[in-house]
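Numbering starts at 1 and runs along the sequence shown.
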Amino acid sequence: MMNKEGIMIYLVMKGQDKFVEKVKAYFQKSLYLLEVIVINDWQDELSFESKAGKNLLHTIKKIKQKNASLKCYISGYSLAGLFSLYAMHELDLEGVVCVSGSLWQEGWLVYLKEHPINHKKIYLSLGSKEHKTRNVLMKNVLKNTLETYEIYQKENQCIFEKNVGNHFFQSEERMMKGWDYILYEK
């Protein structure tokens, strides 16, 4: 077994077995370990104020401690992307992949401004049609993602990519693109 440089924690919704198999194949020959955390209750477990959210943070912290000699990254899609950003702040992880993150959530920008970080590697991605919705809160996803990017890029290595399509368009490809950036681009 080759020496590993780091570990990628991937938060994924229950029922994504087909994609998880692709993800395992992606990481099998890499210099990074993969730790998949399956989320059963998407809303409860990924809400940072909930007890389940605190439990998830504890689980991630244990993974980080178990792999203390490795750089630890986290990744997620949609609400899991937002939670991944939050976990990076709370647990001092090396970086994050946040694809189509639910950065429209009330309180996110306030939290971000009150919890500055630096020297992290951050990948943000959003579909070009995601902000085109009737939902008043979700309309803010582009504005909030751009503001998040502006805050992060001041003290971190951060990239933002706007992709063609809506929230669900090419989600797997976009996730892998984020991993490529975080793990392999200098």
Practice task
Would you confirm whether the ring centroid of Tyr152 sits within less than 6.0 angstrom of the ring centroid of His119?
Solution key: no
Problem - CA sep, side-chain torsions, deciding dist, call: Ile37, Tyr10, side-chain contact (heavy atoms from CB on, under 4.5 Å) - result: CA-CA 6 Å; Ile37 299 176; Tyr10 178 44; over 6 Å; no
Exercise for the section: Could you check Leu70 against Leu33 for side-chain contact (heavy atoms from CB on, under 4.5 Å), going step by step and ending with a plain yes or no? Expected result: CA-CA 9 Å; Leu70 301 175; Leu33 295 170; 3.6 Å; yes
Problem - Residues Tyr181 and Glu161: side-chain donor-acceptor under 3.5 angstrom - result: no
Practice task
Would you name the heavy atoms of Ile9 and Cys72 that are closest together and state the gap between them?
Solution key: CD1-SG, 3.6 Å
Handout entry: Sidechain N-carboxylate O distance under 4.0 Å for Asp92, Lys120
Key = yes
Exercise for the section: Sorted by first residue and then second, give each side-chain hydrogen bond (donor to acceptor under 3.5 Å, both in side chains) pair with at least one member in residues 60-73; sequence neighbours left out. Expected result: none
Practice task
For residues Tyr32 and Trp179, establish whether the separation of their ring centroids is below 6.0 Å.
Solution key: no
Practice task
Would you please classify the geometry between the Tyr149 ring and the Phe160 ring as parallel, tilted or perpendicular, with 30° and 60° separating the classes?
Solution key: tilted
Completion exercise
Nearest heavy-atom approach of Cys98 to Gly101 is SG-CA, 3.6 Å
Problem - Test side-chain contact (heavy atoms from CB on, under 4.5 Å) applied to Tyr123 and Lys177, step by step - result: CA-CA 9 Å; Tyr123 177 86; Lys177 193 174 177 183; 3.9 Å; yes
Problem - Trp108 versus Ser102, side-chain donor and acceptor atoms under 3.5 Å - result: no
Practice task
Answer whether the closest heavy-atom distance between the side chains of Met88 and Glu94 falls below 4.5 Å.
Solution key: no
Handout entry: Validation row: Tyr86, Leu57 side chains within 4.5 angstrom (heavy atoms)
Key = yes
Exercise for the section: Flag the pair Thr148 / Leu124 as yes when at least one side-chain heavy-atom distance between them is below 4.5 Å, and no otherwise. Expected result: yes
Problem - Output field: ring centroids His89/Tyr111 closer than 6.0 Å - result: yes
Handout entry: Minimum heavy-atom distance Val141-Thr145, with the two atoms named
Key = O-OG1, 2.6 Å
Practice task
Taking the side chain as every heavy atom from C-beta outward, state whether Val96 and Phe83 have any pair of such atoms under 4.5 Å apart.
Solution key: no
Handout entry: Set of residues satisfying salt bridge (charged side-chain N to carboxylate O under 4.0 Å, His left out) with respect to Lys54, sequence neighbours excluded
Key = none
Practice task
For residues Trp42 and Ser78, determine if any side-chain heavy atom of one lies less than 4.5 Å from a side-chain heavy atom of the other.
Solution key: yes
Practice task
Kindly determine whether Lys113 and Glu147 satisfy salt bridge (Lys or Arg N to Asp or Glu O under 4.0 Å), including the steps that lead there.
Solution key: CA-CA 10 Å; Lys113 291 170 186 173; Glu147 190 169 340; 2.8 Å; yes
Handout entry: In one Ile/Leu/Val/Met/Phe/Trp/Tyr side-chain cluster, 4.5 Å: Val110, Leu85
Key = no
